[in-house]
Amino acid sequence: RIRCVWFCIFACLLPFHCSPQSRAANYIVSPGESLQSVINSAKPGDVITLRGGTYRQPMIDVRSSGAKDAPITIQGAPGEKVVLKGSRVVTNWLQHDKVHSIWKLGNWKINSQQLFCDGKPLQQIGVQNRWNTEIAFDNYVCLPPQGKDLSDLSSTQFATKYSGGAFFYDKNSATLYARLPQNANPNRKLMEASTEMAVLRGHMASYVHLKNLTMSHCNGTADGLRHGVLWIGGQGWNVEDCTISWGDAGGVHLIGENHTLRNCRIENNGFVGIDVLGANEASNWDRYTTRTSQNLLFENLTLTGNNYRR
């Protein structure tokens, strides 16, 4: 159940005037409830508090803006761990090759760019996105592919080359294949496959505060994107006391102006920790020399382990 408590200041026996700030709402959301529906209703000054637990929902799209003096706040409950994931738990694996302990998941219609076994990423095999072949930065391929196809999972060199396990997605048959370290059975492990373009996208919104959240896993590179777990846009975002990790490309993708990242851990993302884009829609997302300062504040951040998909 989603609870909404309205806070108003009543002056008894005096004329009453309710300003927008005095009608701010406090929403409380628990795992299993729709965070998106609450965000769709949010107004300037509203506070959305998430109770502890793991939230696996379609990409959260923040389109409503707060105000400079009354931001929309999305926060984890104090003292509780709130985890938002752009992945699904995948179960019911079938054995494909008993000799090499290769397992498969049929009718999987998502080109998952990440597969995790008990929280650790498996190596992706083959050309699975544009970044595997496109020359993008300093005349280098951004994400050189490892291996070629399903045969890599049965290679005699598997244990040496892919000691942490590997997976391959066959688009033609919509089948996800995996081989785990020590030839483990995936049905006895926590298996998570990335599915969502991002965990939270707010590139069209302004004046939003995020606090005490952990955001992990996304799948944007399947669509040729390199943005990442959290997309920030507009004006005046404040991200504080958050952990942003294990994105398939970036941790934080940032456009717009006057944003603050403070006391956050940005770690173990596929390409880069923070991706700052100074271009905008008016410039057709190309560089331009008359760009004014973005006024970004990065304070007390920990960036480590990024570019793990290299």
Side-chain angles (χ1 to χ4, degrees), residues 59-60 62 74 76 81-87 112-116 119-124 129-132 134 136-138 140-144 146 164 192 194 196-203 208-234 236-280 285 287 293-310:
M59 180 182 67
I60 301 162
V62 181
I74 305 170
K81 185 172 183 178
V82 176
V83 181
L84 310 177
K85 288 191 172 183
S87 61
S112 293
Q113 300 293 298
Q114 298 175 297
L115 183 64
F116 295 87
K120 296 181 179 180
L122 277 62
Q123 175 62 56
Q124 183 184 51
N129 61 68
R130 62 179 278 200
W131 304 108
N132 291 144
E134 183 171 313
F137 307 108
D138 294 328
Y140 286 98
V141 173
C142 186
L143 185 62
Q146 301 295 310
E192 302 168 284
S194 60
E196 304 305 317
M197 186 184 302
V199 171
L200 190 149
R201 180 176 68 175
H203 65 301
V208 177
H209 287 190
L210 305 179
K211 187 174 183 179
N212 190 32
L213 303 172
T214 294
M215 292 169 273
S216 301
H217 304 171
C218 59
N219 207 50
T221 51
D223 297 316
L225 303 175
R226 59 176 179 86
H227 297 10
V229 175
L230 172 63
W231 301 12
I232 293 175
W237 280 68
N238 187 316
V239 183
E240 188 170 359
D241 299 323
C242 290
T243 297
I244 299 134
S245 63
W246 296 116
D248 69 325
V252 180
H253 176 71
L254 193 153
I255 59 176
E257 295 83 33
N258 304 313
H259 304 308
T260 298
L261 303 181
R262 178 182 290 116
N263 300 331
C264 293
R265 291 188 64 87
I266 303 171
E267 57 189 5
N268 300 322
N269 294 287
F271 290 5
V272 66
I274 302 174
D275 179 23
V276 178
L277 181 61
N280 53 35
W285 304 110
R287 296 178 181 179
S293 172
Q294 288 181 265
N295 294 322
L296 309 176
L297 174 61
F298 298 160
E299 182 179 358
N300 195 29
L301 304 182
T302 298
L303 289 91
T304 184
N306 296 296
N307 197 26
Y308 87 86
R309 290 182 74 190
R310 65 181 185 272

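Only this structure's heavy atoms are used, side chains among them; waters, hydrogens and symmetry mates stay out.
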Going by heavy atoms in the side chains, are N132 and L143 under 4.5 Å from each other? yes

Just wondering, do K81 and T214 contact through their side chains at under 4.5 Å, heavy atoms? yes

Do Q113 and R309 have side-chain heavy atoms sitting under 4.5 Å apart? yes

State, yes or no, whether a side-chain contact exists between T304 and R265 at a heavy-atom distance under 4.5 Å. yes

Measuring from atom CD of Q294 to atom CG of L277, what distance do you get when rounded to the nearest 0.5 angstrom? 7.5 Å

Answer with yes or no whether the side chains of N300 and N263 bring together a donor and an acceptor at under 3.5 Å. yes

Do L210 and I232 come close enough that some side-chain heavy atom pair is under 4.5 Å? no

I'd like to check Y308 versus P121 (side-chain heavy atoms, cut-off strictly below 4.5 Å). Are they in contact? yes

Kindly compute the distance separating CG (D248) from CZ (R226), expressed to the nearest 0.5 Å. 12.5 Å

Identify the heavy atoms of S194 and S112 that sit nearest to each other, and give their distance. O-OG, 2.8 Å

Side-chain contact test, heavy atoms from C-beta onward, threshold under 4.5 Å: evaluate it for V239 versus V252 and give yes or no. no

Do F298 and V276 have side-chain heavy atoms sitting under 4.5 Å apart? yes

